[in-house]
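Scroll down for the structure; my scribbles are underneath it.
What you see is a predicted model; the values in this text were computed from it and never measured.
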Amino acid sequence: MTKQELVTKMQDAGAFVPGKKVRLHFGEEGAILLDGQANQVTEDAESPADTTIKVNWNDWQAMSGGQLDPMTAFMTGKLKVEGDMSNAMQLQGVLAKLR
């Protein structure tokens, strides 16, 4: 899946945290913004976010496919959180909408 396909899939599934802005930063692959205030998912890498989740693209693919547990990814350093941790805790719900 490409990043643009992910954006479209997340937008169609309503995969964002209501009322919050969460950025998924994939390193060289760029970033996407889950904007729960505007109810949209975009490739906006510049707007401020309440929480930024840093994870490489392959690990994100594994998490969204159910092969990698987000908590395991966090505990092993594959997923890093900057900002409001409670938004990151809602990542399970976002991932469930992608399956």
Side-chain angles (χ1 to χ4, degrees):
M1 174 182 308
T2 67
K3 188 171 66 162
Q4 183 55 49
E5 290 170 336
L6 175 63
V7 168
T8 301
K9 186 174 183 178
M10 292 181 95
Q11 179 66 47
D12 291 346
F16 38 78
V17 178
K20 302 294 181 178
K21 290 184 177 184
V22 178
R23 175 169 294 106
L24 299 175
H25 192 278
F26 304 113
E28 292 180 12
E29 298 293 328
I32 61 174
L33 181 67
L34 312 178
D35 188 341
Q37 295 173 351
N39 296 333
Q40 64 183 6
V41 180
T42 65
E43 290 190 59
D44 181 353
E46 301 302 320
S47 294
D50 300 303
T51 303
T52 298
I53 297 171
K54 294 182 176 183
V55 60
N56 78 42
W57 183 252
N58 292 331
D59 290 334
W60 172 261
Q61 295 285 62
M63 284 192 309
S64 63
Q67 293 90 24
L68 176 61
D69 177 65
M71 187 57 73
T72 301
F74 178 76
M75 298 301 273
T76 59
K78 292 182 177 185
L79 182 147
K80 295 181 172 86
V81 179
E82 295 176 357
D84 189 340
M85 180 65 81
S86 66
N87 295 331
M89 299 300 285
Q90 296 182 51
L91 185 62
Q92 289 283 38
V94 170
L95 289 170
K97 292 179 180 183
L98 297 178
R99 293 189 189 122

Listed partners of Glu29 passing salt bridge (charged side-chain N to carboxylate O under 4.0 Å, His left out), at least two apart: none
Is the backbone of Asp50 close enough, under 3.5 Å, to the side chain of Asp84 for a donor and an acceptor to pair up by distance? no
Return yes when atom CD of Gln67 has more than 12 non-hydrogen atoms of other residues, nucleotides or ligands closer than 6.0 Å, and no otherwise. yes
Same cluster or not: are Leu33 and Met63 linked, directly or through other Ile, Leu, Val, Met, Phe, Trp or Tyr residues, by side-chain heavy atoms under 4.5 angstrom apart? no
Can you tell me how far CG of Asn58 sits from CG of Leu68, rounded to the nearest 0.5 angstrom? 11.0 Å
For Asn39 and Phe16, the nearest pair of non-hydrogen atoms, with its separation, is OD1-CE1, 3.3 Å
Can you run down the ring pair (Phe, Tyr, Trp, His ring centres under 6.0 Å) pairs that involve residues 24-44, sequence neighbours left out, and say none if there aren't any? Phe26-Trp57, Phe26-Trp60
Less than 4.5 Å apart, side chain to side chain, heavy atoms only: is that true for Arg23 and Ile53? no
Would you give me the side-chain donor-acceptor pairs under 3.5 Å for residues 70-78, sequence neighbours excluded?
{"from": "Thr72", "atom 1": "OG1", "to": "Asp69", "atom 2": "OD2", "distance (Å)": "3.4"}
{"from": "Thr76", "atom 1": "OG1", "to": "Thr72", "atom 2": "O", "distance (Å)": "2.8"}
{"from": "Thr76", "atom 1": "OG1", "to": "Ala73", "atom 2": "O", "distance (Å)": "3.3"}

Say you draw a straight line from CG of Leu34 to CD of Gln90; how long is it, rounded to the nearest 0.5 Å? 11.5 Å
Evaluate side-chain contact (heavy atoms from CB on, under 4.5 Å) for Ile32 paired with Leu6, printing each intermediate quantity in order. CA-CA 9 Å; Ile32 61 174; Leu6 175 63; 3.9 Å; yes
Answer yes or no: is there a side-chain heavy-atom contact under 4.5 Å between Lys20 and Thr51? no
Compare all side-chain heavy atoms of Thr8 with those of Lys3 and state whether any distance is below 4.5 angstrom. no
Can you name the residues that form a salt bridge (charged side-chain N to carboxylate O under 4.0 Å, His left out) with Lys9, not counting sequence neighbours? none
Please collect all salt bridge (Lys or Arg N to Asp or Glu O under 4.0 Å) contacts where either partner lies in residues 54-67, sequence neighbours excluded, each pair once. Lys54-Glu82
Considering non-hydrogen atoms only, spot the tightest contact between Ala15 and Val41 and give its length. O-CG2, 4.0 Å
Quick one: list whatever passes side-chain contact (heavy atoms from CB on, under 4.5 Å) with Glu5, sequence neighbours left out. Met1, Thr2
Rounded to the nearest 0.5 Å, the OG1 atom of Thr42 sits from the CG atom of Asp35 at a distance of 7.0 Å
